[in-house]
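Scroll down for the structure; my scribbles are underneath it.
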Amino acid sequence: MTTFDKREQGFESKFALDQEQEFKAVARRNRLLGEWAADKMGLASEARADYAKAVVKSDFEQPGDEDVFRKVMQDLTGSGLGVGEGELRSKMDELMAVAREQIKTGE
């Protein structure tokens, strides 16, 4: 194996690891977002956990964050809570940073 091949293999391994960590961070962010929204809606602890799982599952509907955003926004609005689009997107960004840090530190 040449040096170039070893280097290419190293880049491929790093890319795969980065992708795996990003996937885990997004899933964790979605769980944290679900827990936040459940708290805002006043759900009990068992319903809170179920709701957080439902938010995580909603991310598999289409690529990107819009499916998660849409689900949480509809649920909050349906519960009579006046959460704005900017507030929800800001919370998603905040929780993404938290999730990435947690994944990085192994929490």
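A distance of 10.5 Å separates CZ of Arg31 from CG of Leu95, quoted to the nearest 0.5 Å. To the nearest 0.5 angstrom, Leu32 atom CG is 5.5 Å from Glu35 atom CD.
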Would you tabulate the side-chain donor-acceptor contacts of residues 96-106 under 3.5 Å, counting partners in other chains and residues two or more places apart, or write 'none'?
| unit_1 | atom_1 | unit_2 | atom_2 | d |
| --- | --- | --- | --- | --- |
| Arg100 | NE | Glu22 | OE1 | 3.2 |
| Arg100 | NH2 | Glu22 | OE2 | 2.7 |
| Gln102 | OE1 | Arg28 | NH1 | 3.2 |
| Thr105 | OG1 | Glu101 | O | 3.0 |
| Thr105 | OG1 | Gln102 | O | 3.4 |
| Thr105 | OG1 | Glu107 | OE2 | 3.3 |

Could you give the side-chain donor-acceptor pairs of residues 36-43 under 3.5 Å, partners two or more places apart or in another chain?
| unit_1 | atom_1 | unit_2 | atom_2 | d |
| --- | --- | --- | --- | --- |
| Asp39 | OD1 | Arg48 | NE | 2.7 |
| Asp39 | OD2 | Arg48 | NH2 | 3.4 |

Between side-chain atoms of residues 71-80 and protein atoms elsewhere (two or more places apart, or another chain), which donor-acceptor pairs fall under 3.5 Å?
| unit_1 | atom_1 | unit_2 | atom_2 | d |
| --- | --- | --- | --- | --- |
| Lys71 | NZ | Asp75 | OD2 | 2.8 |
| Asp75 | OD2 | Tyr51 | OH | 2.8 |
| Thr77 | OG1 | Met73 | O | 2.8 |
| Ser79 | OG | Asp75 | O | 3.0 |

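Remark: Glu85 engages Arg89 in a side-chain hydrogen bond (donor to acceptor under 3.5 Å, both in side chains) (not counting sequence neighbours). With sequence neighbours excluded, the residues that form a side chain to side chain contact (heavy atoms under 4.5 Å, CB included) with Asp65 are Arg29, Met92. Evaluation of the salt bridge (Lys or Arg N to Asp or Glu O under 4.0 Å) rule for Lys24 yields Glu20 as partners, not counting sequence neighbours. A search for salt bridge (Lys or Arg N to Asp or Glu O under 4.0 Å) contacts involving Glu87 returns nothing, not counting sequence neighbours.
Counting all heavy atoms, side chain and backbone alike, Ala27 lies closest to Val56 at O-CG2, 3.7 Å.
The cluster map of Ile, Leu, Val, Met, Phe, Trp and Tyr, joined by side-chain heavy atoms under 4.5 Å apart, puts Leu33 and Val83 in the same cluster.
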